[in-house]
Every structure is written in structure tokens, then in C-alpha cells.
Number of protein chains: 2
Amino acid sequence: MDDQLGVFSNRLQQHGYRLTTARRVILEALLASGGHITADGLVEVVRQQSPGIGRMTVYRTLEILSELGLIRPVYQGTGAAHYILMENGHHHHLVCSGCDRVIEFDECVLEEMGRLISGRFDFQIQGHVVEFFGLCADCRRVSA
Amino acid sequence: MDDQLGVFSNRLQQHGYRLTTARRVILEALLASGGHITADGLVEVVRQQSPGIGRMTVYRTLEILSELGLIRPVYQGTGAAHYILMENGHHHHLVCSGCDRVIEFDECVLEEMGRLISGRFDFQIQGHVVEFFGLCADCRRVSA
DNA sequence: ATCTCAATTGATATAAAGTATCAATTGAGG
DNA sequence: CCTCAATTGATACTTTATATCAATTGAGAT
């Protein structure tokens, strides 16, 4: 098991960010959550540990970690974004029409597709979103 | 060319919704937009046609159409959701960050990917959305 | 054509999530 | 142990979406 806290801390310092008390607490709480937590959810957890830490600090720390590619916000609906740990590359989603459950997967056949498109449409690609809609096993069972 | 407005109208009535003036105007504006519009964006367009129509009506109509599976909200970030038309299961778009121009394309390398995913996640795929974000040629020229 | 009543509407208020500002505080290097 | 830029957090604000409710409307019955 790799010491994620260490990895995150180092990455911050390597990029010139101070490793402050607030940031340490936030990192710990974030990692303890195992990912899939909202910003405000994290604020609550953090405050159980250190009531003095402000909302903005949590938001800003999440923003920095996102910039560094260590976490990633996932927008699944109109509510708050969930932040997930980015141990590995990127994520695509299966969104169930029945229950709005979001299943993540990593396979990415789009790199190649992107290159193709770049050329054909003279378009410089910065990112992409892929979502498959459908029914997960549970919802098929219900509606059957 | 299929009469989308007719399709949408019928679908509403089939499900017991009244086809009111407001809804007709909203449907027309939505279809005219070609998809890829935000709720508030649609409110503006609708009001050029009929200034009296309220924001809530537009939001509610979008909700109904989503329920019926005719459109679908896409959440790409912290901003407003974009609604896209669900004519035929899938859509591929290049969305320019500079001018918001949307380029559509047909190539679909995702059929195969879909089959793979179906099996692995026990997920019955009904459609998908792929969006590449980036800069079109014109906008690269401007910012260069 | 008119009536009737539930569906629909829209003004208004509110909630939820994220962003901007700025004076006060902090911490890492000298 | 200074110093000064990075960081913090209280506060205010913006944007997006939702709830409420009295007034209006439309589709079927007459």
C-alpha cells in the first residue's frame, strides 16, 4: 500500500505550494473518505477534526489538487460535484436512466479517435466527455 | 426529414400533458437551437418570441422532456447543464471553447466499445454522448 | 359556444453550490 | 527571529435550480 498522503504532500511541495496545517488536515480527510465526496461534505468532515478551517480553504485545496491531477471533480447531475481520487488516468461513465447511478470505467478508445478528428476538422482538442446511457442490471430487473 | 416538433408534441399528449402555447414556443425554440443549449439560454431565446413566458415554465418543460427521454441534460462542469436532443441515441460534438461553435460528426468508433462495456458491466446501453472540447481553427488564430 | 376543474403558468422567494474580495495570519528561507 | 509573499477565512456575491401559490388556461363535457 503506497502512502497516498505522502504522495499528495510531495506533489504539493514540488509545485511550490506550502504544506500548511489546514492542507494536511484536508488531505487526510479526503483520503480517509476514500474519494467520492463533495466539497461541502469534506468541509464537514474536516471541521470535526479542526473546527477552525474555512470553507474557502477546502474549496481552494480541492482546486489545487484537481490542477495537479491528483483528484477530479465528477458532475453527475444538478447537485454538488463529487471528487474522486485519480490514481489512474481518466474516467468515463455509464449513467443509468433508472436510478441515476454512475458507473465509472477507464477504457479509453478515444485517444485514437481524437487524433483522427483533430486532423479532419482542424480542431485542437482539450478534453472530452463520454457518457453512455442505459439501464443497469438492477433497474432492468425492476422494469422487467 | 422527420417532423421533430410533431414527434415531441405527440409524445407530450400521449403522456397526458397539455400542448399549451408556452410549450409549443419552447419546443420550437429548443428544436431551432439544434440542441446544446442551457436552460437559461433557452429562456432568452423563448422570450424573444414570447416575452411573457416565465423561467419556471421553461425549466419545467425541459424536465418533462427529459422524463420522456426526448432530451437529456449534460453536466460538463460547475456551470449550467446543456440540454441535447436525443433523436437517435447518439451525438458527437466538437464544442469550441472560444466561440461555442458546435461541429457535429458522425464517425462512431463506439459501437464496439459499447458491446464490450455492455458485457463487462452488465449494462444495457440505450445511447451515448461524446463531446470533445477544444479550439476550432478560427479561435486558435485569434488567440495566437 | 360555454362551462368546469384540474393542469398549467409565472412572479416571487428560497436553496444550493461555487466564486470573488481583502484584511489578518502564517510559515519557509534568509 | 525577521520578512514578505503565500495562505487563510469571514463575508458578500453570483449563478443555477427548486419550491410555493394565487391566477390563468385549455380540453372535454354539456
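No experiment lies behind these values; they were computed from the predicted model shown. Letters A, B, ... mirror the listed sequences (proteins, then strands); counts begin at 1.
Residues B/Gln13 and A/Thr78 each lie close to DNA chain D; by heavy-atom proximity, the contact nearer the 5' end of the strand is made by A/Thr78. Residues B/Tyr83 and A/Tyr17 each lie close to DNA chain D; by heavy-atom proximity, the contact nearer the 5' end of the strand is made by A/Tyr17.
The shortest side-chain heavy-atom distance between B/Phe8 and B/Gln4 falls under the 4.5 Å cut-off.
Atom-to-atom, CZ of B/Arg24 to P of C/dA7 comes out at 19 Å; the value is rounded to the nearest Å. Here C/dA17 presents its C1' atom at 15 Å from CD1 of A/Ile37, a figure rounded to the nearest Å. Straight-line distance from the CG atom of A/Leu19 to the C1' atom of C/dA28: 12 Å, rounded to whole Å. Straight-line distance from the OH atom of B/Tyr59 to the P atom of C/dT9: 16 Å, rounded to whole Å. For A/Tyr75 and D/dT15, the OH to C1' distance is 14 Å, given to the nearest whole Å. Spacing between atom CD1 of B/Ile53 and atom C1' of C/dA11 amounts to 15 Å, rounded to whole angstrom units. Protein atom NE2 of B/His82 is 16 Å distant from nucleotide atom P of D/dT15, rounded to whole Å. Computed from coordinates, the A/Met56 CE to C/dT21 C1' distance equals 9 Å when rounded to whole Å.
OP1 or OP2 of D/dT7 sits under 4.0 Å from a side-chain N or O of A/Arg23. Of the side-chain N and O atoms in A/Thr20, one or more sit less than 4.0 angstrom from OP1 or OP2 of D/dT8. Between B/Thr21 and D/dG26 there is a side-chain N or O to OP1 or OP2 distance below 4.0 Å. Side-chain nitrogen and oxygen atoms of B/Thr57 include at least one within less than 4.0 Å of the OP1 or OP2 phosphate oxygen of C/dG10.
Interatomic distance, NE2 of B/His15 versus CD of B/Glu67, reported as 9.5 Å (0.5 Å rounding). Put simply, OH on B/Tyr83 and OG1 on B/Thr38 are 9.5 Å apart, with the number rounded to the nearest 0.5 Å.
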Applying side-chain contact (heavy atoms from CB on, under 4.5 Å), run through B/Arg23 and B/Ile64 and close with a yes or a no.
CA-CA 11 Å; B/Arg23 284 182 182 154; B/Ile64 291 170; 3.6 Å; yes
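Looking at B/Arg55, its side chain has no donor and acceptor atom pair within 3.5 Å of the base of C/dT12. Counting atom types as modelled, B/Arg60 pairs a side-chain N or O with a base atom of C/dG10 as donor and acceptor under 3.5 Å. Judged by distance alone, with hydrogens and angles left aside, B/Arg18 brings no side-chain donor or acceptor close enough to the base of D/dG28 to form a pair under 3.5 Å.
By the neighbour-count criterion of 12 heavy atoms within 6.0 Å, atom CD of B/Glu44 is sparsely surrounded, having that number or fewer from other residues, nucleotides or ligands.
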